[in-house]
Undergrad: 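For reference, the structure I am asking about is given below.
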Amino acid sequence: MPSQREAILSALFETLHTNLAASVRRNEVLPEKLPAVGLVIVRDGEPGEPEILLSPVSYSWRHRAPLDAVVGGATQAERDAGLDALLIAIGEALETNRTLGGLVDYLEIGAPNFEIVPIEGAAPIKGAVVPVILHYETSSPVS
């Protein structure tokens, strides 16, 4: 049986995989060739330091799990429009399931941080890191 943390990250991946037209992967490096529909990479991120509650002991987490969203395109206008559409789709997919089926208390979506990645001999790709903060409690610091 997976830990609660792993179940939550898997549910985040499945929510995006099920609801996006873009290719969705987990913890992979950026491939040399992007899918035409764009790519979202779900990162495990960092759970941070929990707030510890006593009697009974529980650990309250604000786990940051960033999403890397990237698109290609022949022109800057195509890349801008493609990334904008992908970010809207990510927001809509996550807003419909803010508790990931009851696994988290709340899923918080932060503002994207944009980046243009130059590719030698090809058009650059445009990307953004979307911070997702997962609020949940566990009974153990390793679960």
Undergrad: Only counting residues at least two apart or in another chain, list the ones meeting ring-ring contact (aromatic ring centres under 6.0 Å, His included) with His17.
TA: Phe13
Undergrad: Do Val104 and Val130 sit in the same hydrophobic cluster, where Ile, Leu, Val, Met, Phe, Trp and Tyr count as joined when their side-chain heavy atoms come under 4.5 Å apart?
TA: yes
Undergrad: Grab the two heavy atoms, one from Ala123 and one from Gly73, that are nearest each other, plus how far apart they are.
TA: CB-O, 3.6 Å
Undergrad: Go through the structure and list residues passing side chain to side chain contact (heavy atoms under 4.5 Å, CB included) with Pro35, not counting sequence neighbours.
TA: Ser23, Arg25, Val37, Leu39
Undergrad: Same hydrophobic cluster for Leu94 and Leu87, using side-chain heavy-atom links shorter than 4.5 Å among ILVMFWY?
TA: yes
Undergrad: About how many Å separate OH of Tyr136 and CD1 of Ile8, when rounded to the nearest 0.5 Å?
TA: 5.0 Å
Undergrad: Would the distance check show the side chain of Thr96 and the main-chain N or O of Ala93 forming a donor-acceptor pair, the cut-off being under 3.5 Å?
TA: yes
Undergrad: In Å, rounded to the nearest 0.5 Å, how long is the span from OG1 of Thr15 to CG of Leu20?
TA: 9.5 Å
Undergrad: Closest approach of Pro66 and Val129, non-hydrogen atoms and distance?
TA: CB-CG1, 3.8 Å
Undergrad: What distance separates Ile41 CD1 from Leu30 CG, expressed to the nearest 0.5 Å?
TA: 5.5 Å
Undergrad: Would you find a donor on one side and an acceptor on the other, under 3.5 Å apart, between the side chain of Arg5 and the backbone of Val142?
TA: yes
Undergrad: Under the side chain to side chain donor-acceptor pair (under 3.5 Å) test, which residues partner Ser3, sequence neighbours left out?
TA: none
Undergrad: When you compare the side chain of Glu14 with that of Leu12, does any pair of heavy atoms fall below 4.5 Å?
TA: no
Undergrad: For Ala65, is there any backbone N or O sitting under 3.5 Å from a side-chain donor or acceptor partner on Arg43?
TA: no
Undergrad: Mind checking the CD1-CG spacing from Ile90 to Leu16? Nearest 0.5 Å is all I need.
TA: 6.5 Å
Undergrad: Going by distance alone, is a donor N or O of one side chain under 3.5 Å from an acceptor N or O of the other, for Ser10 and Glu6?
TA: yes
Undergrad: Tell me every residue that passes side chain to side chain contact (heavy atoms under 4.5 Å, CB included) with Asp44, counting only those two or more places apart in sequence or in another chain.
TA: Leu9, Arg26, Asn27
Undergrad: Of all heavy-atom pairs between Gly127 and Val70, which one has the smallest distance, and what is that distance?
TA: CA-CG1, 3.9 Å
Undergrad: For the residue pair Leu86 and Ala69, what are the closest heavy atoms and their distance?
TA: CD2-CB, 3.9 Å
Undergrad: Quick one: do Leu67 and Ile116 end up in the same hydrophobic cluster if we chain Ile, Leu, Val, Met, Phe, Trp and Tyr together by side-chain heavy atoms under 4.5 Å apart?
TA: no
Undergrad: Say you draw a straight line from CD of Glu46 to CZ of Arg64; how long is it, rounded to the nearest 0.5 Å?
TA: 10.0 Å
Undergrad: Looking at CD1 of Ile133 and CZ of Arg62, how far apart are the two atoms once the value is rounded to the nearest 0.5 Å?
TA: 4.5 Å
Undergrad: Compare every heavy atom of Val71 with every heavy atom of Leu83, then report the nearest pair and how far apart it is.
TA: N-CG2, 3.5 Å
Undergrad: Once ring-ring contact (aromatic ring centres under 6.0 Å, His included) is applied, what residue pairs with a partner in residues 73-113 remain, sequence neighbours excluded?
TA: none
Undergrad: Which residue pairs pass the salt bridge (charged side-chain N to carboxylate O under 4.0 Å, His left out) test when at least one of the two sits in residues 73-94, sequence neighbours left out?
TA: Asp80-Lys126
Undergrad: Are Leu53 and Glu51 close enough, and set up right, to give a side chain to side chain contact (heavy atoms under 4.5 Å, CB included), and what steps lead you there?
TA: CA-CA 7 Å; Leu53 306 171; Glu51 179 179 335; 3.6 Å; yes
Undergrad: Who are the side chain to side chain contact (heavy atoms under 4.5 Å, CB included) partners of Pro47, not counting sequence neighbours?
TA: Trp61, His63
Undergrad: Please check if the side chain of Gln4 supplies one atom and the backbone of Ser140 the other of a donor-acceptor pair under 3.5 Å.
TA: no
Undergrad: List in chain and number order the residues that pass side chain to side chain contact (heavy atoms under 4.5 Å, CB included) with Glu32, two or more places apart in sequence or in another chain; answer none if no residue qualifies.
TA: none
Undergrad: Specify the closest pair of heavy atoms between Ala22 and Gly38, including all atoms of both residues, with the distance to one decimal.
TA: CB-O, 3.6 Å
Undergrad: Decide yes or no for Leu107 and Thr99: does some side-chain heavy atom of the first lie under 4.5 Å from some side-chain heavy atom of the second?
TA: no
Undergrad: Which residues pass the ring-ring contact (aromatic ring centres under 6.0 Å, His included) test with Tyr59, not counting sequence neighbours?
TA: none
Undergrad: Inspect the surroundings of CD in Glu108 and state if more than 12 heavy atoms from other residues, nucleotides or ligands are less than 6.0 Å away.
TA: yes
Undergrad: Tell me, do Val117 and Pro124 make a side-chain contact under 4.5 Å, heavy atoms counted?
TA: no
